[in-house]
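Computed over heavy atoms, backbone and side chain alike; hydrogens, waters and symmetry mates excluded. Every value quoted in this text rests on a predicted model; they were computed, and no experiment measured them. In the text below, chain A, chain B and the rest are named by the order of the sequence lines, each starting its count at 1.
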Amino acid sequence: MGSGYECNSRGLIMPIFALLDCNNFYASCERLFNPSLNNKPIVVLSNNDGCIIARSNEAKALGIPMGEPYYKAKSIIENNNVAVFSSNYTLYGDMSRRVMATVKGFIPDVEIYSIDEVFMDLSNYPNPEGLSKDIRQAVTLWTGIPVSIGIGSSKTLAKVANHIAKKYTAYEGVFHIDSEDRRKKVLKHFAVGDVWGVGRRLNKKLTSYGVNTAYDLSIQPDSWVRKSMTVVGLKTVQELRGESCIELELKPEHKKMITVSRSFGRKVYEKSSIKEALANFAERAAEKLRGEKQLTKEIYISLYKELAASGKANYKDNALLKLAYPTDSTLELMSYVSKAFDEIYIEGMGYKKCGIDLLKLQPKSHFVKDLFDTRNTCKQDELMVAIDSINNKMGNNTIQMATSRGKGKWVAKKDLKSLCYTTRWDELAIVG
DNA sequence: TCTGGGGTCCTAGGACCC
DNA sequence: TCTGGGGTCCTAGGACCC
């Protein structure tokens, strides 16, 4: 306590990681702008209003499971007056930025791990626990989002500690695995399936071998772990023992792929509708790509059809396009996608979903035009910059390519979406 | 054409995460 | 057992080479 450094059994200095995680993030965001929902159950639905992806504590207490299809939970929801929202990613993204900005005000060295989680390196701070309490308080005060913080000598242990901080209110939202005794005690009561890196599949396998708790896993021999969980699992196990193997990623690496895909609200047969959807996705993907300041060299197009007869739910038709020259132009992407689509589309087929991936990305700054490249890239760049800046200022889709704007038969259902309280002038929250 | 052994590169698919 | 969309990483296996 007090030095800011922990030592392991060999007397080596160990790093200190903290993980801040927003409690029931999406549900908390919705509640923020609707105080009448305080202490009331809330659920948030996935795209397409398909299933439940976030629940307030009250909704969890009602026994509504995570990932439950909406229609299955409908009776519980109606009987208990549960507030239901379609997901509103604009709102969540904006609230996330506010939370992260608050954290960065305390700790400059952070890794934003997901929309509602951030890892911090507290190795050089004398009182990690006190500091975490201050951060937690500031985030609550300045953003209204409740958060929990877990502290440990590896990222995996910080994750475990975070679970404890959330579960046991007596710790007031901050829990530190600060000794060997505490580490063992905690891991012995921690289900192996809840460990970061152990998914459904591995959980099943491990429990079948009698490895039920995180502690059980942590004492397995390396060779066995390597064999049954690959090198990834070995890292997890070492981290559970308190040895840090997964470093903080302070600077986000360049993205390796960009995906835009969507399920349709229903089966879609019209060629023009699917083409319109793909054009939309190409547009979105190109925007993301330019936002990342990268170019793409490969486009992967997938159409998902439903094969009722085969028992298999989804069957996929793909096309992989390798581009002669890397690009970030919406126009080029759209024309490639459109041509490839014509080749894989089957007349009369009912499609349930489609999407595109951009692969083999490379930084735009590294691009050198060669003699055989006859594209007018400068002119396209100017056009794209103009479109992006207008769309940024005036809202998405202010300017859109004609092929991507249509009747929108493919558009997903979003019946219960809340307003964009923080990002759109016309939907600002009204105080009064 | 198979006979051996060894190596690299690429892709598809699986498993995990939020 | 797929209910959603967007990611990353690892491995097995095929193609191809000597």
Side-chain angles (χ1 to χ4, degrees), chain A residues 19-26 43-55 64-74 85-89 92-93 96 111-119 155-156 159 162-163 192-206 225-236 239 245-246 249 252-265 277 280-281 284-285 287-289 291-292 294 297-298 300 302 304 306-307 311-316 318-320 322 352-361 412-414:
Chain A
L19 172 69
L20 176 145
D21 190 318
C22 302
N23 302 349
N24 316 323
F25 183 55
Y26 297 169
V43 298
V44 178
L45 305 178
S46 66
N47 243 317
N48 229 11
D49 291 348
C51 56
I52 291 162
I53 55 168
R55 305 155 297 157
I64 300 173
M66 178 68 170
E68 179 88 337
Y70 178 36
Y71 70 89
K72 277 195 188 169
K74 236 171 185 163
F85 293 91
S86 300
S87 36
N88 181 348
Y89 290 103
Y92 311 148
S96 173
E111 172 190 343
I112 296 175
Y113 179 70
S114 76
I115 194 164
D116 68 335
E117 285 170 279
V118 51
F119 280 107
K155 285 167 114 179
T156 305
K159 275 252 178 195
N162 192 283
H163 270 85
V192 76
D194 291 337
V195 171
W196 190 37
V198 178
R200 274 230 262 286
R201 205 89 172 200
L202 271 177
N203 183 34
K204 212 173 152 190
K205 187 166 170 182
L206 289 170
V225 173
R226 170 67 247 255
K227 206 170 66 217
S228 40
M229 299 173 69
T230 81
V231 293
V232 185
L234 189 55
K235 275 191 186 177
T236 297
E239 289 238 332
C245 303
I246 309 171
E249 272 173 38
E253 284 179 21
H254 279 121
K255 272 209 174 94
K256 287 158 191 161
M257 86 192 265
I258 288 174
T259 305
V260 184
S261 72
R262 213 74 63 194
S263 297
F264 305 136
N280 257 281
F281 300 167
R284 287 277 308 114
E287 281 164 17
K288 285 192 193 179
L289 193 58
E292 297 274 323
Q294 296 215 79
K297 267 211 94 170
E298 277 185 14
Y300 190 76
S302 329
Y304 297 77
E306 200 177 52
L307 285 187
K312 282 210 166 187
N314 288 306
Y315 183 75
K316 213 166 81 165
N318 326 305
L320 178 63
K322 303 189 183 213
K352 292 282 285 184
K353 174 181 173 178
C354 70
I356 63 176
D357 302 295
L358 306 183
L359 309 164
K360 298 264 155 73
L361 308 186
K413 268 198 309 193
K414 242 183 198 205

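- Backbone-only contact: K288(A) has heavy atoms under 4.0 Å from sugar-phosphate atoms and none from a base.
- The residue among V231(A) and S261(A) whose nearest nucleotide of DNA chain C lies closer to the 5′ end is S261(A).
- Proximity of a side-chain donor or acceptor of K288(A) to a complementary backbone N or O of V260(A) within less than 3.5 Å is not detected.
- For Y70(A), there are no ring-ring contact (aromatic ring centres under 6.0 Å, His included) partners two or more places apart in sequence or in a different chain.
- When heavy atoms are screened at a 4.0 angstrom cut-off, Y113(A) is found touching the sugar-phosphate backbone but no base atom.
- Counting only heavy atoms from C-beta outward, the side chains of Y300(A) and K360(A) never approach each other to under 4.5 Å.
- One N or O on the side chain of E239(A) and one on the backbone of K155(A) form a donor-acceptor pair closer than 3.5 Å.
- Contact annotation for V195(A): backbone-only contact, meaning every heavy-atom pair under 4.0 Å involves sugar-phosphate atoms and none involves a base.
- As judged by a 4.0 angstrom heavy-atom cut-off over every strand, K205(A) is placed among residues making no nucleic acid contact.
- In this structure, Y304(A) and S263(A) have side chains that are not in contact, with every pair of non-hydrogen atoms separated by 4.5 Å or more.
- Shown here, dG5(B) forms a base pair with dC18(C); the pair counts as Watson-Crick or G-U wobble because both key distances fall under 3.5 Å.
- Among the atoms of the strands shown, only primed sugar atoms or phosphate atoms (P, OP1, OP2) are found under 4.0 Å from some heavy atom of K322(A).
- The shortest side-chain heavy-atom distance between M229(A) and L202(A) falls under the 4.5 Å cut-off.
- Note that the first and last nucleotides of DNA chain B, 5' to 3', having any atom under 4.0 angstrom from a heavy atom of chain A are dT11(B) to dC18(B).
- Among the heavy atoms of the strands, none lies under 4.0 Å from K72(A).
- Both I258(A) and I52(A) sit near DNA chain C, but only I52(A) has its closest nucleotide nearer the 5' end.
- At the heavy-atom level, K204(A) lies nowhere under 4.0 Å from the strands shown.
- Here, dT1(C) and dG14(B) have their P atoms 16 Å apart, quoted to the whole Å.
- For the pair A285(A) and I356(A), the tightest heavy-atom approach, listed with the atom from each and the gap, is CB-CD1, 4.0 Å.
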